[in-house]
> 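Input: one structure, supplied below.
What's counted below: heavy atoms across the whole structure, side chains too, no hydrogens, waters or symmetry copies. Quick note on labels: first sequence line is chain A, next is B, and so on, each numbered from 1. Predicted model, so just to flag it, every value in this text is computed and none were measured.
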Amino acid sequence: MTNERFDPSVADRRWQAAWDEARCFEADSDSNKPKSYVLEMFPYPSGRIHIGHVRNYTMGDVLARYRKMRGDEVLHPMGWDAFGMPAENAAMEKGVHPAGWTYQNIETMKGQLKQLGFALDWSREFATCDPEYYGHEQALFIELFENGLVYRKESEVNWDPVDMTVLANEQVIDGKGWRSGAEVEKRKLNQWFLKITDFADELLAGVQALESWPQKVRLMQENWIGKSQGLEFAFELSNGETLPVYTTRPDTIFGASFVAVAADHPVAQAVAANNCEAAKFIAECKRGGTTAAELETAEKLGFDTGIGAKHPFTGEHLPLFIANFVLMDYGTGAIMAVPGHDQRDFEFATKYALPIPRVVAASVEDAGEPFDGEAEAGDGVIVNSDFLSGMEVEAAKREVITRAEAGGWGKGTTVWRLRDWGVSRQRYWGTPIPFIHCDDCGVVPVPQDQLPVKLPEDVDFSKPGNPLLRHPTWKDVACPKCGSDAQRETDTLDTFVNSSWYFLRFASQPADKPFDAAEVAKWMPVDQYIGGIEHAILHLLYARFWTRALARCGKLDVKEPFASLFTQGMVTHETYSRKDGAREEYFMPADVDRTGDGATLKADGKPVQIGKVIKMSKSKKNVVDPEDIIRDYGADAVRWFMLSDSPPERDLPWSEAGIEGCGRFVQRLWRLFGHYDPTASGEDKGLARKTHQTIAAVADDIEALAFNKAVARLYELTSATEKAAPSEDRNHAIRSLLLMASPMMPHLAEEGWQAMGESGLVSEAAWPDVDPSLLVEDEVTIAVQHMGKLRDTLTAPKGASKETLEALALASEKVQRSIDGAEIRKVIVVPDRLVNIVA
RNA sequence: GCGGGCGUGGCGGAAUGGUAGACGCCGGGGACUUAAAAUCCCCUGAUCCUAUAGAUCGUGUGGGUUCGAGUCCCACCGCCCGCACCA
């Protein structure tokens, strides 16, 4: 073997080509090996790969390559989440077609992923904007429709009156359209919905059982689904109507001092119809901002309708208000207000001088305690409440529900925060919703043999609005049922639908249907899913819902798509900036020289301010382009950096010094591989032990996705091996290092494998075996403490008796000096670990 | 407000209740070299000191449990994230 430097600019390409040639990462659905499905969240083809993709896909790649070495049949696919608004924006801004723009980006980004040497099964690649994919999606959508899981409903959208278009919530900034700056209006449109609320219960129970998901994500989903239990009951109103309300605190019913409805509640609307003061108040409520800060400080406002609501137990008439803090879309849009034990009600009652009775207290004796400026929402005993007085909160809740149900005026109910999923988007670049509107037959699904409903290519983006709607001919079709003139649906599906079943299509991709159930059953569930925490709620919840919905329709057997989930941290970098008048001007790291404590701009040599280490973002310019660093250091150094130092779930600070260290290590390993000497003989028991211990530990670390620890262990073994004299055990250590490093630095490993004279690809080699007898040391270091403080260490044979260790410890001069003749009261001996002398 | 997480050297971070700071980065010193690059070796928590020895302190703060606490318990402080007028 030569002593030349490892040259990634040559080796990377060579081995990437060799892997393609050997097709060694193509998954075989007919294999008898244990299966392993490793999946990273597929990217949106925005233009170029960013460093976050590199970190995400490197982690998945190490796991996929490792599992393959352990003998699994690995499915590790990649594709493109290709529908979405950036393509349409590009079409409007640059006059390019969304499809052309998207496929161009895919080509660029695929090339970048290839440069990183990921062990991906490219034979299964697809983009969600391929008509083949979205055609199957249309078939599934119709399937859900036929199973009663799709419906249409009037729903409010954000309407931009200048651009004549519907805006997503995130496109509305301070109540104005992001592009036009026009005041956004609320409009009602007929839209498509998926019945995710039908699955609220099982989605909640399911997420609670997903033990291999991060606790954080599980809690976020639980909160999002938001199950609450309470009592729904009706107030009789003085105008003869009834008003249903929902409460989670029926135990406090005797503390109710007013009733309130939302501004858009029918009762409020009815009052406003012949009371212009009320109408004015309602209009004012709608104007209020909805940002967190505004809500925080928003004053509780109400309008007294003059109507009375009859308390179900006391018969007393409570005043009925229209209140700005009551939400129409939660519960019944109306509440019984208990100011003593709900902070919002407390603030309202204080403002309008309404009674604030106490009905919960720390004890019966505290029934008369005044409130200390705020409501008391906590536990306690019920007071001032007729037959409930003296009961605990939970018992009182049950008692009131029982009486309400017996009296027929209310019932115990469960209320969910989760809403049905509105999937209609008035956009071009998405999956056309496969339905036809016929004047006579109503809404008719497009027949199977007419799928896919393809997007027209001759579209015009020069005008705002939905190009499908104003296309001259596309929407004109014959009704599939009666044959008369009808119109296509011009809405497209939310892009989250595309990512709700792509993992099934990766597992199985027949031409004539979305997937083959039997083939999917072989691969699903995904064994390890890896992606960003930003998808903790929507994407992961929708994908879980689609999987369950398809299972309910009999298309699938699996209920949870992702057995294990990992959310990786972001890549961060310090910022470089300079004050330019009042503005802060930022500079790219590539344009800055970092010197010791300071930094200077390359262009003028003058210093720049070094800012905080934050997430890489274009606006702060603290970004590094993966292609640049691959060119400078090679794919393996970049991959190694992504795995080093920071635990994978935490943020990883990018640094020039760090990547240089990784580049050095690549060369250092390469030199060590050069010391592989087939003629060497003799043994090195210590190194052999270290080698086997490392093999076992690195395997455990990779399985736990603790890549930073695996990296540290490989550094340690490298140092030990470098220092060792040539021997058979040293050769074994070098060969083992190469194999262990191969999932992380596959190009270097292949190059070394070939140089060692091994045949075939290291990517198809097996993980090194462990000799269990070499995992245990025969000598151990014993810590000797006096009163819990370390005084000495000594070496003893493994498994030495307590008596032996005690004697050895007491023989230590340092220990004796520390004890200094004091009386020994107790000696604690932990075999193979320590001796603590209490004196 | 509710829910969750995290606080360890100059920095990123290791550490089944048992030798705190593995490993990497930065920094310092040295070797090789005409020189540089590359590479290799040594040192690198703080303080004290009679300095190859030794001592004291040290994991956000204050208590507690224990022979022994970064780790377990209680209280507090700070930072980060998610949700949020959800009755």
Side-chain angles (χ1 to χ4, degrees), chain A residues 3 5 214-224 226 228 230-231 245-249 252 260 262 288 290 292 294-296 298-300 323-327 329-338 341-345 347-348 374 377 415-418 533-534 536-537 572 596-597 613 640-641 644-647 649-662 664-665 667-668 671 706 708-716 718-719 722-723 781-794 814 817-818 825-830 832-839:
Chain A
N3 279 325
R5 288 172 66 78
Q215 187 65 21
K216 179 178 184 159
V217 174
R218 291 161 68 192
L219 283 166
M220 281 165 75
Q221 293 218 351
E222 280 177 34
N223 293 338
W224 189 261
S228 98
L231 170 71
V245 300
Y246 170 73
T247 179
T248 56
R249 293 295 302 273
T252 62
T290 50
E294 282 169 309
L295 289 174
E296 190 76 38
E299 201 178 355
K300 302 284 177 286
N324 68 344
F325 69 93
V326 180
L327 304 175
D329 61 357
Y330 185 79
T332 62
I335 59 162
M336 74 163 196
V338 184
H341 306 286
D342 181 284
Q343 185 58 25
R344 292 155 300 177
D345 301 351
E347 287 167 28
F348 190 92
E374 56 181 23
V415 168
W416 305 87
R417 208 191 84 102
L418 186 67
I533 187 74
E534 68 273 17
I537 297 174
T572 59
D597 294 344
V613 177
W640 187 252
F641 184 92
S644 303
D645 296 350
S646 289
E649 69 279 8
R650 283 204 220 165
D651 289 350
L652 171 69
W654 174 266
S655 78
E656 203 68 26
I659 184 68
E660 276 170 12
C662 293
R664 277 198 297 273
F665 184 65
Q667 298 300 338
R668 196 173 146 200
R671 283 192 301 275
N708 57 321
K709 293 189 220 169
V711 161
R713 290 186 210 284
L714 293 180
Y715 274 116
E716 277 188 80
T718 300
S719 294
E722 283 169 340
K723 290 187 179 98
T781 306
I782 305 287
V784 185
Q785 299 178 335
H786 171 217
M787 301 299 287
K789 289 195 180 204
L790 184 72
R791 294 299 164 191
D792 200 3
T793 57
L794 48 90
K814 288 176 187 172
R817 206 188 313 149
S818 176
R825 282 176 289 159
K826 199 171 169 185
V827 178
I828 286 130
V829 182
V830 182
D832 297 336
R833 277 231 171 245
L834 66 64
V835 179
N836 187 14
I837 295 154
V838 185

> Give the minimum heavy-atom separation between Tyr246(A) and Thr332(A), together with the two atoms involved.
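Shortest heavy-atom contact: N-OG1, 3.7 Å.
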
> Pick base, sugar-phosphate or nothing for Thr781(A), based on heavy-atom distances below 4.0 Å to the nucleic acid.
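Base contact - Thr781(A) has a heavy atom under 4.0 Å of at least one base atom.
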
> Who are the side-chain contact (heavy atoms from CB on, under 4.5 Å) partners of Gln215(A), not counting sequence neighbours?
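Once residues adjacent in sequence are excluded, the partners of Gln215(A) under the side-chain contact (heavy atoms from CB on, under 4.5 Å) criterion are Arg218(A), Leu219(A).
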
> For Val613(A), what residues pass the side-chain contact (heavy atoms from CB on, under 4.5 Å) criterion, not counting sequence neighbours?
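Val613(A) satisfies side-chain contact (heavy atoms from CB on, under 4.5 Å) with Thr572(A), Glu574(A), Pro653(A) only.
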
> For RNA chain B, what are the stems built from at least three Watson-Crick or G-U pairs in a row, each pair having both distances below 3.5 Å?
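For RNA chain B the paired stretches long enough to count as stems (3 pairs minimum) are B:1-7 with B:77-83, B:10-12 with B:23-25, B:27-31 with B:39-43, B:45-48 with B:54-57, B:60-64 with B:72-76.
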
> Tell me whether the side-chain N/O atoms of Arg825(A) come closer than 4.0 Å to OP1 or OP2 in rC67(B).
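Checking Arg825(A) against rC67(B): no side-chain N or O falls below 4.0 Å of OP1 or OP2.
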
> Look at all strands and tell whether Leu219(A) reaches a base, only sugar-phosphate, or nothing, counting heavy atoms closer than 4.0 Å.
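Counting heavy atoms under 4.0 Å across all strands, the contact made by Leu219(A) is with sugar-phosphate only.
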
> Nearest of rG7(B), rC67(B), rA87(B) to any side-chain atom of Arg650(A)?
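Ranking rG7(B), rC67(B), rA87(B) by closest atom to the Arg650(A) side chain puts rG7(B) first.
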
> Give the minimum heavy-atom separation between Ser655(A) and Phe641(A), together with the two atoms involved.
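So the minimum-distance heavy-atom pair works out to N-CZ, 3.7 Å.
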
> Identify all pairs in which a protein N or O lies below 3.5 Å from an N or O of nucleotides 38-43 of chain B, and state each distance.
{"from": "rU39(B)", "atom 1": "O3'", "to": "Arg671(A)", "atom 2": "NH2", "distance (Å)": "3.2"}
{"from": "rC40(B)", "atom 1": "OP1", "to": "Arg671(A)", "atom 2": "NH2", "distance (Å)": "3.4"}

> The side chain of Asn324(A) is closest to which nucleotide in this list: rA20(B), rA87(B), rC85(B)?
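So the nucleotide nearest the side chain must be rC85(B).
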
> Take atom CZ of Arg833(A) and atom P of rU16(B), then tell me their distance rounded to the nearest Å.
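Taking CZ of Arg833(A) and P of rU16(B), I get 9 Å after rounding.
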
> Identify, between Phe325(A) and Leu834(A), the residue whose nearest nucleotide on RNA chain B lies closer to the 5' end.
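With Phe325(A) and Leu834(A) compared, the 5'-side residue is Leu834(A).
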
> Nearest to the side chain of Pro653(A), heavy atoms from C-beta on, is which of rG12(B), rA87(B), rC67(B)?
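Closest nucleotide among those given: rG12(B).
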
> Distance between the C1' atoms of rG4(B) and rC57(B), in whole angstroms?
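Those two atoms are separated by 35 Å.
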
> Determine if the base of rG4(B) is syn or anti; take syn to mean the glycosidic torsion is within 90° of 0.
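Anti, angle beyond 90° from zero.
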
> How would you list, by chain and number, every residue that makes a side-chain contact (heavy atoms from CB on, under 4.5 Å) with Lys723(A), sequence neighbours excluded?
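Ser719(A).
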
> Can you tell me how far C1' in rG10(B) sits from the matching atom in rG21(B), rounded to whole Å?
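It works out to 14 Å between them.
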
> Kindly give the heavy-atom pair with the smallest separation between Asn708(A) and Ser646(A), and that separation in Å.
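Smallest heavy-atom distance, with atoms named: CB-O, 3.6 Å.
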
> Taking the P atom in each of rG13(B) and rC2(B), what is the distance between them to the nearest angstrom?
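These two P atoms come out 29 Å apart once rounded.
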
> Give me the distances for all protein-to-nucleotides 21-23 of chain B N/O pairs that come in under 3.5 Å?
{"from": "rA22(B)", "atom 1": "O2'", "to": "Glu716(A)", "atom 2": "OE2", "distance (Å)": "3.3"}

> What is the distance, to the nearest angstrom, from the CE atom on Met787(A) to the P atom on rG68(B)?
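So the CE-P distance, Met787(A) to rG68(B), works out to 7 Å.
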
> Ignoring hydrogens, what is the shortest heavy-atom contact between Val326(A) and Ala260(A)? Give both atom names and the distance.
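Smallest interatomic distance, heavy atoms only, reads CG2-CB, 3.9 Å.
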
> Determine the interatomic distance between C1' on rU56(B) and the same-named atom on rC49(B); round to the nearest Å.
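It works out to 11 Å between them.
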
> Quick one: what's the B/S/- string for nucleotides 45-60 of chain B, heavy-atom cutoff under 4.0 Å, read 5' to 3'?
---------SSSS---

> Select one nucleotide: of rG12(B), rC86(B), rG18(B), the one nearest the side-chain heavy atoms of Tyr330(A).
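Per side-chain heavy atoms of Tyr330(A), the pick is rC86(B).
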
> Tell me what Val830(A) touches on the nucleic acid: a base, only sugar-phosphate, or nothing, going by heavy atoms under 4.0 Å.
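Base, at least one base atom sits under 4.0 Å.
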
> Please tabulate, one pair per line, each protein N/O and nucleotide N/O from nucleotides 78-83 of chain B that are separated by under 3.5 Å, including the distance.
{"from": "rC81(B)", "atom 1": "O2'", "to": "Lys216(A)", "atom 2": "NZ", "distance (Å)": "3.0"}

> Angle class for the Tyr715(A)/Trp640(A) ring planes (parallel below 30°, perpendicular above 60°, tilted otherwise)?
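If you compare the ring of Tyr715(A) with that of Trp640(A), the planes turn out perpendicular.
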
> Roughly how far apart, to the nearest Å, are rA87(B) and rA14(B) at atom C1'?
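Taking atom C1' in both rA87(B) and rA14(B), they lie 48 Å apart.
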
> Using a heavy-atom cut-off of 4.0 Å across all strands, would you classify Thr793(A) as base, sugar-phosphate, or nothing?
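Here Thr793(A) touches the bases of the nucleic acid.
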
> Output the rounded distance in Å from CD (Glu656(A)) to P (rG12(B)).
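Rounding to the nearest Å, CD of Glu656(A) and P of rG12(B) are 19 Å apart.
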
> If every non-hydrogen atom of Tyr330(A) is compared with every non-hydrogen atom of Arg417(A), which pair is closest and at what distance?
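Taking every non-hydrogen atom into account, CE1-CA, 4.2 Å.
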
> Using atom C1' in both nucleotides, what's the gap between rC48(B) and rU39(B) to the nearest angstrom?
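The answer is 39 Å between these two C1' atoms.
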
> For His341(A) and rG1(B), give me the distance from atom NE2 to atom C1', rounded to whole Å.
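Rounded to the whole Å, the gap is 18 Å.
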
> Output all residues satisfying side chain to side chain donor-acceptor pair (under 3.5 Å) with Asp792(A), sequence neighbours left out; order by chain, then residue number.
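Partners of Asp792(A) under the side chain to side chain donor-acceptor pair (under 3.5 Å) test: Ser812(A).
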
> Could you work out, with side-chain contact (heavy atoms from CB on, under 4.5 Å) as the rule, every residue matching Arg249(A), not counting sequence neighbours?
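side-chain contact (heavy atoms from CB on, under 4.5 Å) list for Arg249(A), sorted by chain: Thr247(A), Asp251(A), Thr252(A), Val360(A), Val393(A), Lys397(A).
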
> I'd like to check the salt bridge (Lys or Arg N to Asp or Glu O under 4.0 Å) partners of Glu722(A); sequence neighbours left out, ordered by chain and number.
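If we apply the salt bridge (Lys or Arg N to Asp or Glu O under 4.0 Å) test to Glu722(A), skipping adjacent residues, the hits are Arg668(A).
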
> Just to be sure I understand the rule, does Val827(A) reach a base, reach only the sugar-phosphate, or reach nothing, if contact means heavy atoms closer than 4.0 Å?
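Nothing, no nucleic acid heavy atom in range.
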
> Under 3.5 Å between N/O atoms: give me all the protein pairs with nucleotides 31-33 of chain B, atom names plus distance.
none

> Nearest heavy-atom pair of Val217(A) and Ala536(A): which atoms, and what distance?
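What the structure gives for the nearest pair is CG1-O, 3.7 Å.
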
> Would you kindly give the CD-to-P distance between Gln343(A) and rC2(B), to the nearest whole Å?
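Those two atoms, CD and P, are 11 Å apart.
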
> In Å and rounded to the nearest 0.5 Å, what is the CG to OG1 distance from Leu834(A) to Thr781(A)?
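Those atoms lie 12.0 Å apart.
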
> Determine the Euclidean distance between corresponding P atoms of rU19(B) and rA75(B); express it in Å to zero decimal places.
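Pairwise P distance, rA75(B) against rU19(B), rounds to 29 Å.
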
> Please state how far atom CG in Leu327(A) lies from atom C1' in rA84(B), giving the value in whole angstrom units.
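Distance check: Leu327(A) CG to rA84(B) C1' gives 10 Å.
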
> Quantified in whole Å, what is the C1' atom distance between nucleotide rA55(B) and nucleotide rA22(B)?
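Straight-line distance between the two C1' atoms is 26 Å.
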
